[in-house]
Amino acid sequence: MAKEMIVERAVTINKNSSDVFQYLKICRNQEYFSVWNMKDPNKKTHCEGIDGTVGFFYSWDSKEKSVGAGSQTIAQIVEGESITFNLVFERPMKNTGTSTFTITSLAAAQTKVSWAFRGPTKFPMSLFTGLIQKMLGKDIAMSLDNLKKNFEG
């Protein structure tokens, strides 16, 4: 059984890559496209540091089971190319992982955004990796569609 789960989806946005990158590196902008953030507008959040810079810390706590509680920290920014977050999930299940946005310019006003999630899988949860990947992939794809709509209207 795989010791790591990897899920990645992508979308093409009709906007220049610089604008898309600048938007994505601001962690709080996930409130406007991430299906998990949008499920509970009343969740408690806490931030530390300067959003859009390495070390920025964002945590959430929700009574909504599918949102749960956890945190993300901006771990790495490669200007114009990628943003990587370290994730810590407290509820509904304890786990860790990384999430990375990769931004690729396809044309002057066309950008590919890939969103990848990587996380360890341990027995017995590893038995459900395929199902979890399918559910997580669906949520990532919906979030990327929301991102596209935000840019294209």
Open item on the list: A quick test of your reading: do over 12 heavy atoms of other residues, nucleotides or ligands sit less than 6.0 Å from NZ of K44?
Closed with: no

Task: Close side-chain approach of E152 to I13, heavy-atom, < 4.5 Å - done: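 Yes, close enough: below the 4.5 Å cut-off.
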
Between [X] and [Y], what is the shortest heavy-atom contact and its length?
{"X": "E31", "Y": "N37", "result": "OE2-ND2, 3.4 Å"}
{"X": "I140", "Y": "F117", "result": "CD1-CB, 4.3 Å"}
{"X": "E81", "Y": "F21", "result": "N-CE1, 3.6 Å"}
{"X": "S66", "Y": "K39", "result": "OG-CD, 3.4 Å"}
{"X": "L87", "Y": "S99", "result": "CD1-CB, 3.7 Å"}
{"X": "V67", "Y": "K43", "result": "CG1-CD, 4.3 Å"}

Open item on the list: Check this for me: does any side-chain nitrogen of one of E64 and R91 sit under 4.0 Å from a carboxylate oxygen of the other?
Closed with: no

- [ ] Flag the pair R118 and E8 as a salt bridge only when some basic side-chain nitrogen lies within less than 4.0 angstrom of an acidic carboxylate oxygen.
- [x] no

Determine whether [X] and [Y] fall in the same hydrophobic cluster, where Ile, Leu, Val, Met, Phe, Trp and Tyr are linked whenever their side-chain heavy atoms lie under 4.5 Å apart.
{"X": "M142", "Y": "V7", "result": "yes"}
{"X": "V113", "Y": "Y32", "result": "yes"}
{"X": "L106", "Y": "Y23", "result": "no"}
{"X": "I26", "Y": "M38", "result": "no"}

TODO: Any chance you could lay out the side chain to side chain contact (heavy atoms under 4.5 Å, CB included) test for V11 and D145, step after step, and finish with the verdict?
DONE: CA-CA 7 Å; V11 70; D145 285 346; 4.3 Å; yes

- [ ] Over 60° means perpendicular and under 30° means parallel, so classify the ring planes of W115 and F101, tilted if in between.
- [x]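 Tilted, since the angle between the ring planes falls between 30° and 60°.
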
Distance in Å, [X] [atom1] paired with [Y] [atom2], rounded so as to fall on 0.5 Å steps:
{"X": "F33", "Y": "L147", "atom1": "CZ", "atom2": "CG", "answer": "5.0 Å"}
{"X": "D139", "Y": "R9", "atom1": "CG", "atom2": "CZ", "answer": "10.5 Å"}
{"X": "Q22", "Y": "N29", "atom1": "CD", "atom2": "CG", "answer": "11.0 Å"}
{"X": "Q30", "Y": "N146", "atom1": "CD", "atom2": "CG", "answer": "12.0 Å"}
{"X": "K15", "Y": "N150", "atom1": "NZ", "atom2": "CG", "answer": "12.0 Å"}
{"X": "I77", "Y": "L24", "atom1": "CD1", "atom2": "CG", "answer": "11.0 Å"}

Open item on the list: For G70, is there any backbone N or O sitting under 3.5 Å from a side-chain donor or acceptor partner on D61?
Closed with: no

Open item on the list: Can a donor-acceptor pair be found, under 3.5 Å and without considering hydrogens, that links the side chain of K148 to the backbone of T12?
Closed with: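 A pair under 3.5 Å: yes.
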
Open item on the list: Between F85 and Y58, does the ring pair (Phe, Tyr, Trp, His ring centres under 6.0 Å) criterion hold? Intermediate values first, please.
Closed with: CA-CA 10 Å; F85 302 88; Y58 171 90; 9.5 Å; no

TODO: For the residue pair T84 and T100, confirm or rule out a side-chain donor-acceptor distance under 3.5 Å.
DONE: yes

Open item on the list: Applying side-chain hydrogen bond (donor to acceptor under 3.5 Å, both in side chains) as the test, list every pair that has at least one member in residues 101-113; sequence neighbours left out.
Closed with: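 Counting only pairs at least two positions apart or across chains, the side-chain hydrogen bond (donor to acceptor under 3.5 Å, both in side chains) contacts touching residues 101-113 are N14-Q110.
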
TODO: Tell me, with the steps shown, if F57 and C47 meet side chain to side chain contact (heavy atoms under 4.5 Å, CB included).
DONE: CA-CA 5 Å; F57 173 87; C47 299; over 6 Å; no

Open item on the list: Between D51 and I74, is the side chain to side chain contact (heavy atoms under 4.5 Å, CB included) condition met? List the steps.
Closed with: CA-CA 9 Å; D51 202 351; I74 298 176; 4.3 Å; yes

